[in-house]
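Here's the structure, in structure tokens; my notes come after.
Start at 1 and go down the list; that is how both ligands and their atoms are numbered.
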Amino acid sequence: MTFTHDTEVALGAAAALVNTASDPDTLRTPEDLERFLDEEGWFGVRSGDPAELDAVRALRPRLRELWTLEEEELVPTLNEILVEAEALPQLVDHDGLGWHIHAVPQDAPLAKRMAVEAVMALIDVVRAGELDRLKRCAADDCDDLVIDLSRNRSRRFCESGCGNRENVRAYRDRKRAE
Ligand SMILES: [Zn+2]
Ligand SMILES: [Zn+2]
């Protein structure tokens, strides 16, 4: 295992959130957000109002940037977000998840919790020297984020079918060459 389970979950959730912005945007209404939160298993309070949706939508480009920064820029940016959020790490256990760290309370605004969870997970990635696991989909027409948790760091495509599409294309190219 590369990271702790909660870190892997948080990295996946961060990538999934950023990828909702890919055309067509799947996070356009409070109902969209509710569905996303349920699918991704987000705990804690939700207001369900347009302001919450706006804050979460505004977080997406910021998280995308974190995924792409070089270490020297990423580290101070992560620290800055923790200061901004007045993060205070606490060991917690809820919903049968086992001990893990929350750096902001469960009743903090959703977008803040999403930002800090992503940052805490990225801190683990930096500490482990594993930033090369933060990737973007290798398909020409896709810029989705990918978290590569594979043993041999071989993951290249996002989860929205790009790998299959590329396989089909490669197969056709081979057929044509024959
Ligand atoms: Zn938790
Ligand atoms: Zn893709």
Side-chain angles (χ1 to χ4, degrees), residues 1-27 33-34 36-47 52 55-56 59-61 63-68 78 81-82 85-125 127 131-150 152-173:
M1 188 169 65
T2 310
F3 305 108
T4 58
H5 178 67
D6 54 292
T7 291
E8 294 187 352
V9 169
L11 291 170
L17 174 61
V18 171
N19 294 344
T20 62
S22 303
D23 195 32
D25 192 324
T26 53
L27 217 54
L33 178 58
E34 194 181 347
F36 174 81
L37 295 171
D38 289 342
E39 277 170 13
E40 294 293 324
W42 273 93
F43 299 104
V45 296
R46 312 170 181 178
S47 71
E52 180 178 72
V56 171
L59 179 61
R60 297 184 302 184
L63 290 184
R64 172 177 280 282
E65 194 194 6
L66 296 181
W67 217 260
T68 54
L78 295 177
I81 295 171
L82 290 178
E86 298 175 310
L88 179 65
Q90 298 280 294
L91 262 177
V92 294
D93 183 8
H94 62 88
D95 300 283
L97 297 179
W99 293 113
H100 58 286
I101 298 172
H102 280 186
V104 284
Q106 280 290 68
D107 58 357
L110 176 65
K112 186 195 246 193
R113 283 186 286 124
M114 287 177 136
V116 169
E117 284 226 356
V119 166
M120 296 297 286
L122 288 169
I123 283 173
D124 280 357
V125 180
R127 293 181 67 205
L131 281 177
D132 60 347
R133 291 184 180 277
L134 306 179
K135 301 180 176 179
R136 274 172 292 176
C137 181
D140 287 340
D141 53 352
C142 178
D143 205 23
D144 277 11
L145 301 187
V146 175
I147 171 70
D148 181 2
L149 297 172
S150 67
N152 54 359
R153 296 160 203 265
S154 58
R155 177 134 184 234
R156 297 173 60 224
F157 299 105
C158 72
E159 278 169 10
S160 59
C162 288
N164 280 339
R165 266 205 308 281
E166 288 292 315
N167 283 341
V168 169
R169 191 176 305 166
Y171 175 77
R172 284 205 194 113
D173 287 351

Practice task
Answer yes if the side chains of Arg60 and Thr20 hold a donor-acceptor pair under 3.5 Å, and no otherwise.
Solution key: yes
Practice task
Apply side-chain contact (heavy atoms from CB on, under 4.5 Å) to the pair Val45 and Arg113, showing each step before the final yes or no.
Solution key: CA-CA 10 Å; Val45 296; Arg113 283 186 286 124; 4.2 Å; yes
Exercise for the section: Give, rounded to 10 degrees, the angle between SG (Cys137) and SG (Cys162) as seen from the Zn ion (ligand 2). Expected result: 110°
Completion exercise
Closest non-hydrogen atoms of Lys135 and Arg155, given as atom of the first, atom of the second and distance, are NZ-O, 2.9 Å
Fill in the blank from the handout: Report for the Zn ion (ligand 1), protein N, O or S closer than 2.8 Å, by chain and number, lists His94 NE2, His100 NE2, His102 NE2
Handout entry: Any donor-acceptor pair under 3.5 Å from Arg156 side chain to Ala139 backbone
Key = no
Practice task
Using modelled atom types only, decide if a donor and an acceptor are shared between the side chain of Trp67 and the backbone of Val146 within a distance under 3.5 Å.
Solution key: yes
Problem - Mutual orientation of the aromatic rings belonging to Phe43 and His94 [parallel < 30°, tilted 30-60°, perpendicular > 60°] - result: perpendicular
